[in-house]
Structure formats: C-alpha cells, structure tokens
Colleague: 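Please find one structure pasted underneath; my questions will follow.
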Amino acid sequence: MFDVVALGELLIDFTPAGKSANGNTLFETNPGGAPANVLATLAKFNARTAFIGKVGTDQFGSFLGDTLQKGKIDTQGLVYSKDVNTTLAFVHLKEDGDRSFQFYRSPGADIMLDEQEVDIALVQNAKVFHFGSLSMTHEPAKTATLKAVKAAQEKDVLVSYDPNLRPALWGSLSHAKETIIEGLQYADILKISEEELEFITDIRNLEEGSQFLFEKFGLKVVLITLGSKGCFYRFGKDTGHINGFQVNAIDTTGAGDLFLGAFLYQFIKKEVSWDLVQAHDVEKMILFANATAALGTTKKGAIPAIPHLNDVNELIDGRT
Ligand code: ATP
C-alpha cells in the first residue's frame with residue numbers, strides 16, 4: 001500500500017543555466033511535471049509513493065524513469081511508449097525568480113495515457129490520490145485521469161487536486177475553466193494560487209472565493225498559496241493566513257508542488273483519518289509546507305531543490 005499515488009504529466013523542464021561563450025542561453029535538463037514533484041517531495045521525507053503516467057522510450061523517458069526510481073518513487077504505473085516522444089518544456093526565468101513555461105507536445109507522451117493503462121488497484125489502495133489539471137487538457141489522458149479519480153472517490157481515498165493554470169496548454173480559456181471545474185467535483189484537498197482562484201470563481205477576495213469553492217464542491221480544505229507571503233486557508237468555517245519564510249529566492253519552479261507535497265506529508269505522518277484533523281493541525285501542516293517550499297526556491301529546478309527534512313525543521317525552529 002502506498003501513502004500517496006499521483007497521476008499526471010512527467011516531462012523535461014529545460015531550465016536556464018547561464019550563457020555559452022558566445023552569449024547564447026544554456027539550458028539544463030531537469031525532471032519536471034507537477035504531480036511528480038509532489039511525490040518527490042513526499043518521497044524525500046520517506047513517504048511511500050507511486051506515479052502513474054506516460055513517457056516515450058527515448059533518452060528523456062529513461063532519464064525520467066531513473067529519476068523517479070532514484071527518488072524512491074514506485075514506477076510500476078509509469079508507461080513507456082514507442083509511439084510518442086517524452087514531453088518537453090522550456091522554463092524562462094524572470095529577474096524576480098518567477099518563471100514562464102513553453103511546452104513542446106506534438107503530442108507529448110504525457111497526454112497519450114490511455115484509461116486501459118491506469119492501474120486502478122494502485123489508486124484504490126492509496127491513502128491519498130493526487131492529480132492536476134494538465135493531464136486533462138487533451139484526450140485520451142483526460143478520460144484516464146477521470147477514471148482514476150472516480151475510482152479513488154469510490155473507495156474513499158482522499159483526493160488532492162492542484163489545477164495548475166497554464167493558458168498556453170489549453171485550446172481556449174473557457175475550455176480550461178470548464179475542465180478545471182470538472183476536476184473540482186472529485187477533490188477533497190484543493191491547492192490553488194490567487195490567480196487560479198480568480199480564474200475559477202471570478203472572485204478576488206480570499207475569504208469569499210474560498211467559501212464559494214468550499215461549499216459548492218464539498219471540499220475538506222482549500223489552500224491558496226501566495227508566493228513569498230505564504231498561504232491562506234479555509235477549513236470549514238475556519239480561515240487563516242500563515243506567513244511565508246523570508247529566503248533568498250532564486251527559482252520558484254515547483255514551489256507550489258513542494259508546498260503541497262510537504263502538506264500531504266504532514267497529513268500522512270499523523271496516521272489519522274482526515275475527519276480527525278483540526279484547524280490547528282492544518283495550520284501546522286501549512287507552516288511546514290511554507291518552510292519546505294521556501295527552501296525549495298533557494299535552489300534551481302524543482303526536484304533537485306527539495307530540501308532535507310532537518311533543514312525544514314531547523315527553519316521552523318528558528319521562527320518559533
Ligand atoms: P506553482 O506555479 O508551482 O503551482 P504556486 O503558484 O502555487 O506554484 P507560489 O504561491 O508561488 O506557488 O508558491 C507556493 C509556496 O511556496 C508559497 O505558499 C510559499 O510557501 C512558498 N514560496 C514561493 N515563493 C516564495 C518566496 N519568494 N519566498 C518564500 N517562500 C516562497
């Protein structure tokens with residue numbers, strides 16, 4: 001049995017790595033894909049994790065499979081395809097450490113995952129099932145994703161959802177909104193950014209937007225990440241803002257994924273059902289998630305930047 005099983009995109013992030021002698025930008029191959037980043041964070045803290053997705057039988061696909069295995073993430077659900085290439089994405093960093101993405105999917109292997117290839121037993125035996133919205137931009141991966149999430153719900157597996165908005169990957173913004181909302185019906189734990197909150201609800205106010213989502217979709221907790229400012233949460237009638245940690249951020253790639261992986265780790269570590277979780281537990285879980293993600297921004301890439309548990313605890317001890 002696994003603590004957390006995730007399904008979704010697994011790809012190469014080409015991250016800027018300085019300039020060549022003639023002044024051209026150099027890119028470094030980093031493993032990427034939000035669901036895998038979430039699992040890698042959990043696995044680094046020793047939680048039992050498994051990944052479901054598709055890559056090509058090319059060098060990039062082998063690199064990604066090896067990366068998951070080295071990170072102690074089970075790969076029995078990872079499908080290698082001869083028919084499609086591993087998906088590639090280029091990351092462009094802005095001066096403040098924020099970034100934009102350009103995806104190369106024509107189509108990429110990630111969106112070619114077929115429902116027949118999803119190991120339902122893997123999903124139904126997990127404590128938490130995690131998914132995002134990028135595996136729902138195209139078929140057949142959308143049907144595969146929804147099959148997995150419905151199977152999780154059927155067996156009362158807690159469902160975590162991060163509807164990452166990447167406008168360039170969708171046919172249109174209305175398609176993105178409709179599909180992101182479709183995924184919300186199955187979610188228990190929702191992690192979104194302020195921008196995504198407004199996109200989904202047309203509400204800017206965190207109290208009101210989170211209440212709308214909480215009630216409409218029967219969520220168990222809403223986590224709204226606020227970059228360096230930390231996180232706003234709604235847990236039933238309880239809401240609060242947990243401040244972020246001040247660090248020297250150089251690359252925020254995957255900060256949201258490290259945040260969510262760390263949050264889920266704290267839940268797994270409690271070894272209780274979600275019904276026993278209280279508002280003060282949620283606050284501690286967010287504090288830990290803020291610290292993990294903050295440390296993650298001080299290094300390049302997502303998976304290579306996941307901090308050691310000791311360093312996270314040290315950062316928290318320094319504040320309290
Ligand atoms: P993604 O785009 O990766 O899905 P996101 O939009 O959810 O991410 P952010 O809100 O930027 O991500 O960051 C997630 C978390 O990472 C924040 O809640 C915070 O804890 C931490 N974080 C992000 N940027 C910084 C920063 N500059 N300094 C400290 N902590 C940060």
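Note that ligands are numbered from 1 as they come in the structure, with each ligand's atoms numbered from 1 the same way.
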Colleague: Hey, which atoms in ligand 1 end up nearer than 4.0 Å to a heavy atom of N290?
Modeller: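 Taking each heavy atom of N290 in turn, ligand 1 has 18 (O), 19 (C), 20 (O) under 4.0 Å.
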Colleague: Is the backbone N or O of G8 less than 3.5 Å from a side-chain atom of S135, with the two atoms forming a donor-acceptor pair by type?
Modeller: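 No; judged by distance alone, with no hydrogens or angles, the pair does not exist.
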Colleague: Could you check whether K72 and N46, counting side-chain N and O atoms only, form a donor-acceptor pair closer than 3.5 Å?
Modeller: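 The answer is yes; a qualifying pair exists.
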Colleague: For ligand 1, which atoms have a heavy atom of V247 less than 4.0 angstrom away?
Modeller: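 By the 4.0 Å cutoff, the relevant atoms are 28 (N), 29 (C).
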Colleague: Looking only at non-hydrogen atoms, which of N164, V38, N37, T253 approaches atom 4 (O) of ligand 1 most closely?
Modeller: N164
Colleague: For T143 and E115: C-alpha separation, side-chain torsions, deciding distance, then whether side-chain hydrogen bond (donor to acceptor under 3.5 Å, both in side chains) applies.
Modeller: CA-CA 6 Å; T143 299; E115 61 172 316; 5.7 Å; no
Colleague: Polar contacts were defined as any N/O atom of the residue lying under 3.5 Å from an N/O atom of the ligand; does this apply to T297 and ligand 1?
Modeller: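 No; the residue has no nitrogen or oxygen that sits under 3.5 Å from a nitrogen or oxygen of the ligand.
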Colleague: Here's a test for you: under salt bridge (charged side-chain N to carboxylate O under 4.0 Å, His left out), which of D188, D156, D3 qualifies with K127?
Modeller: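 Only one option passes, and that is D3.
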Colleague: Of all the atoms in ligand 1, which lie at a distance below 4.0 Å from a heavy atom belonging to A249?
Modeller: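 Per the distance check, 27 (N).
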Colleague: Which atoms of ligand 1 have any heavy atom of L226 under 4.0 Å away?
Modeller: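 Atoms satisfying the 4.0 Å criterion: 10 (O), 18 (O).
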Colleague: Just which atoms of ligand 1 are under 4.0 Å from any heavy atom in S193?
Modeller: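 Result: 6 (O).
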Colleague: Consider every N or O of F259 and every N or O of ligand 1, then say whether any pair is closer than 3.5 Å.
Modeller: no
Colleague: Examine the side chains of D74 and Q76 and answer whether a donor and an acceptor come within less than 3.5 Å of each other.
Modeller: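 Looking only at side-chain atoms, Q76 and D74 do form a donor-acceptor pair, the distance falling under 3.5 Å.
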Colleague: Once you restrict to heavy atoms under 4.0 Å, what part of E195 touches ligand 1? Side chain, backbone, both or neither.
Modeller: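 Neither part.
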Colleague: Do T25 and K19 meet the criterion of a side-chain donor-acceptor pair at a distance under 3.5 Å?
Modeller: yes
Colleague: Ligand 1 versus L258, non-hydrogen atoms closer than 4.0 Å: side chain, backbone, both, neither?
Modeller: neither
Colleague: Ignoring angles and geometry beyond distance, decide whether D257 reaches within less than 3.5 Å of ligand 1 through its nitrogen or oxygen atoms.
Modeller: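 No, D257 has no N/O under 3.5 Å of an N/O on ligand 1.
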Colleague: Please give me the minimum heavy-atom distance between A151 and Q124, naming the atom from each residue.
Modeller: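 Minimum heavy-atom separation between A151 and Q124: O-NE2, 2.9 Å.
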Colleague: Is there at least one pair of N or O atoms, one from G256 and one from ligand 1, spaced under 3.5 Å apart?
Modeller: yes
Colleague: For G244 and ligand 1, answer yes if some heavy atom of the residue is under 4.0 Å from a ligand atom, otherwise no.
Modeller: no
Colleague: Could an N or O of ligand 1 be found under 3.5 Å from any N or O of K191, whether backbone or side chain?
Modeller: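 K191 vs ligand 1: N/O contact under 3.5 Å present.
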Colleague: Under 3.5 Å between any N/O of C231 and any N/O of ligand 1: does that happen in this structure?
Modeller: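 It does not: no N or O of C231 is found under 3.5 Å from an N or O of ligand 1.
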Colleague: Measuring from atom 31 (C) of ligand 1, which candidate in A255, G227, A262 has the nearest non-hydrogen atom?
Modeller: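 The option holding the nearest heavy atom is G227.
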Colleague: Determine whether the side chains of E207 and T239 contain a donor N or O and an acceptor N or O closer than 3.5 Å.
Modeller: yes
Colleague: Could you tell me if the side chain of L113 sits less than 4.5 Å from the side chain of L7, heavy atoms only?
Modeller: yes
Colleague: Any non-hydrogen side-chain atom of F103 less than 4.5 Å from a side-chain atom of R166?
Modeller: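 Contact flag for F103/R166 side chains = yes.
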Colleague: Please assess T15 against D13 for the test side-chain hydrogen bond (donor to acceptor under 3.5 Å, both in side chains), listing each intermediate value before the final yes or no.
Modeller: CA-CA 6 Å; T15 315; D13 273 339; 5.5 Å; no
Colleague: Answer yes or no for E196: is there a heavy-atom contact with ligand 1 below 4.0 Å?
Modeller: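 No, E196 has no heavy atoms under 4.0 Å from ligand 1.
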